[in-house]
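The structure under discussion appears below in the form of structure tokens.
Here the structure is a predicted model, which is why all the values come from computation and not from measurement. Reminder, nothing fancy here: chain letters follow the sequence lines and each chain counts from 1. In what follows, every heavy atom counts, from backbone to side chain, and hydrogens, waters and symmetry copies are set aside.
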Amino acid sequence: MSSQSDRAAFTQLLQQHAAILQKVARAYCPAPDQRPDLVQEIAVALWRSYGRYDPSRPFSTWMYRIALNVAISFFRRESRHGAGLVELDEAAPLRSASTENARVATLLECIEELQPLEKALMVLHLDGYNYAEIAEIVGITQTNAATKISRMRKRLRAMMDARFRTQGERTDGTR
Amino acid sequence: MERDDFREAWASLQPDAAMQEAIERALSRQAGIKAAHTALQRDRGQLSLEVALNYAAVIALGAFAVHHAMHVTYMLCAALLGSGLLAVNLELLRIAMALRRLDYGQPVFALQSSIEAIRTRRARLTAIILALAPLAWTPLLVVAVAIFGGDAIATLGTAYIAANAAFSLAFALAAWLGARRFGRHVAHSGWLRGLTDALSGQAYREALERLTSLERFRDVA
């Protein structure tokens, strides 16, 4: 895996699907300063595994598998070392400073509270993958994926409603 | 928020400039990427080094035993240390083989289960090594003195050696009990916490819990 054409093809594919890297990093790495490290680590893993990629299958599916696997391992490692985990109160100002609206920021905060494998299911679901594709990437049955996603959606909705209520009360209180 | 609203919010995530820069950097330095190592490869490298060092020690102990073939005490001490190292290496090799089988291209659940299973084995091995390490002190003392041409038993006396062995046993027991009883109170973070967690078996129990919780993820109910 060293020919010029392979590199060119890999570069092109990675550029086309760069949004996957960004989304996975956002979901698994609350500390913004560590996200570039995670992105780099995923890129290295992708390049190292590129020789085993079957071009007859969608690149995005293969890329998601690797990106999620690297991100979960990265998340666990950083959690063990006590780094990478930013308390929600600490993380909020970082997000509110960005151009994202409150809805996206709240959604990200709620996703952060999910378990690593639940996050994988939710990220794929939010990115528009169907249950069969999600089941294939994660390696569980389609029924299991569908049941878990349905439950998580309810949890997310409840969490987001609670946060919006709290934010509303705060806003009312400051008037 | 309805289904499409979730996806709509997700789709509106703004690209992060720092991450985009990291991607660009990765793409522009593919030679660097090729030379870089994933965390998995670093783990493999570290494990290989451990195995190699242990084997070197086993070979050195073997050479020592052959050199002192007529001295039963030396032979026994070298055999004790060597067999301990071989047992550790056997487990390390099993872990290394399991690590080698890992592939980031595997389905997420399968890979994460394998990684957690490896972590559990590693945590168990570390707990055993730390708990039993003090017991190696006496045979190590005898072998070390012999390497420098002395005779520990003749020089230091049988009583001194026996007292060392008893102290090692008491120390191992006290360290294990202390780590279990006071580890979390004394060490809140850092390497000391890692050490007490590993010695007390807390790290192993946590790894086992993570593995069990992963297994539960596979169940629909």
Side-chain angles (χ1 to χ4, degrees), chain A residues 2 7 10-11 14-15 18-19 21-23 25-26 32-33 35-37 39-41 43-45 47-49 52-53 62 65-66 68-70 72-74 77 82 98-101 103-104 107-108 115-117 120 126-128 136-141 143-144 147-148 153 156-157 160-161, chain B residues 1-3 5-16 18-41 43 102-113 115-116 119 188-190 193-194 203 206 210 213-214 217-221:
Chain A
S2 60
R7 281 189 193 184
F10 175 75
T11 304
L14 196 62
Q15 269 167 340
L21 294 186
Q22 296 237 10
K23 285 174 180 172
R26 292 297 283 271
D33 59 325
R35 284 182 204 143
D37 293 342
V39 164
Q40 286 268 2
E41 192 152 335
V44 171
W47 174 245
R48 293 227 159 234
S49 305
R52 289 189 291 276
Y53 165 59
W62 175 80
R65 237 183 215 181
I66 292 181
L68 288 168
N69 273 324
V70 175
I72 293 172
S73 302
F74 184 91
R77 199 169 59 239
S98 75
T99 54
E100 283 158 7
N101 59 33
R103 200 176 47 157
V104 181
L107 177 65
L108 276 169
Q115 295 298 309
L117 279 173
L126 292 174
D127 232 8
E136 195 202 326
I137 294 170
V138 178
I140 55 174
T141 65
T143 317
N144 196 357
T147 310
K148 283 194 161 51
R153 287 185 53 79
L156 273 184
R157 183 173 290 121
M160 290 185 73
D161 285 349
Chain B
M1 184 177 271
E2 290 308 313
R3 178 197 172 101
D5 289 346
F6 275 138
R7 285 183 168 166
E8 197 183 299
W10 183 250
S12 69
L13 261 176
Q14 298 290 320
D16 183 309
M19 277 195 278
Q20 191 56 41
E21 210 176 285
I23 297 169
E24 295 297 333
R25 239 189 351 260
L27 289 172
S28 64
R29 287 168 47 220
Q30 277 192 4
I33 283 191
K34 206 179 166 200
H37 295 285
T38 61
L40 210 56
Q41 286 166 316
D43 285 348
L102 295 182
D103 174 9
Y104 280 131
Q106 282 178 275
V108 180
F109 177 80
L111 182 76
Q112 295 307 320
S113 299
I115 289 176
E116 287 306 335
R119 281 203 185 117
H188 298 291
S189 60
R193 169 69 174 270
E206 283 174 5
R210 278 198 299 274
S213 111
L214 257 178
F217 186 84
R218 199 171 43 188
D219 304 329
V220 181

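Put simply, CZ on B:F109 and CD1 on A:I72 are 11.0 Å apart, with the number rounded to the nearest 0.5 Å. Rounded to the nearest 0.5 angstrom, B:Y104 OH and A:R48 CZ are separated by 11.5 Å. The structure places CD of B:E8 at 11.5 Å from CG of A:L107, a figure rounded to the nearest 0.5 Å.
Ranked by heavy-atom pairs shorter than 4.5 Å toward chain B, the options A:S49, A:A25, A:S73 are led by A:S73. When the candidates A:I137, A:L21, A:L117 are compared by the number of heavy-atom contacts under 4.5 Å with chain B, A:L117 comes out ahead.
At a 4.5 Å heavy-atom cutoff, the contact between A:V39 and chain B is made by side-chain atoms alone. Both the backbone and the side chain of A:I66 come within contact range of chain B, each with at least one heavy atom under 4.5 Å from a heavy atom of that chain. Using a 4.5 Å cut-off between heavy atoms, A:E136 contacts chain B through its backbone alone, with no side-chain atom that close.
Remark: side-chain polar atoms of A:N69 are not paired, donor with acceptor, to backbone N or O of B:G105 under 3.5 angstrom. In this structure a side-chain-to-backbone donor-acceptor pair under 3.5 Å is missing from A:D127 to B:W10.
By the 4.5 Å heavy-atom criterion applied to side chains, B:F6 and A:M160 are counted as neighbours.
Checked against side-chain hydrogen bond (donor to acceptor under 3.5 Å, both in side chains), B:D103 has the following partners two or more places apart in sequence or in another chain: A:R52. Looking at residues two or more places apart in sequence or on another chain, you find no side-chain hydrogen bond (donor to acceptor under 3.5 Å, both in side chains) involving B:Q106.
In plain terms, the two heavy atoms of A:V104 and B:A9 that are nearest each other are CG2-O, 3.4 Å. Closest non-hydrogen pair, A:G139 versus B:P107, comes out as CA-CB, 3.6 Å. Here the shortest heavy-atom pairing between B:F217 and A:I140 reads CE2-CD1, 4.1 Å.
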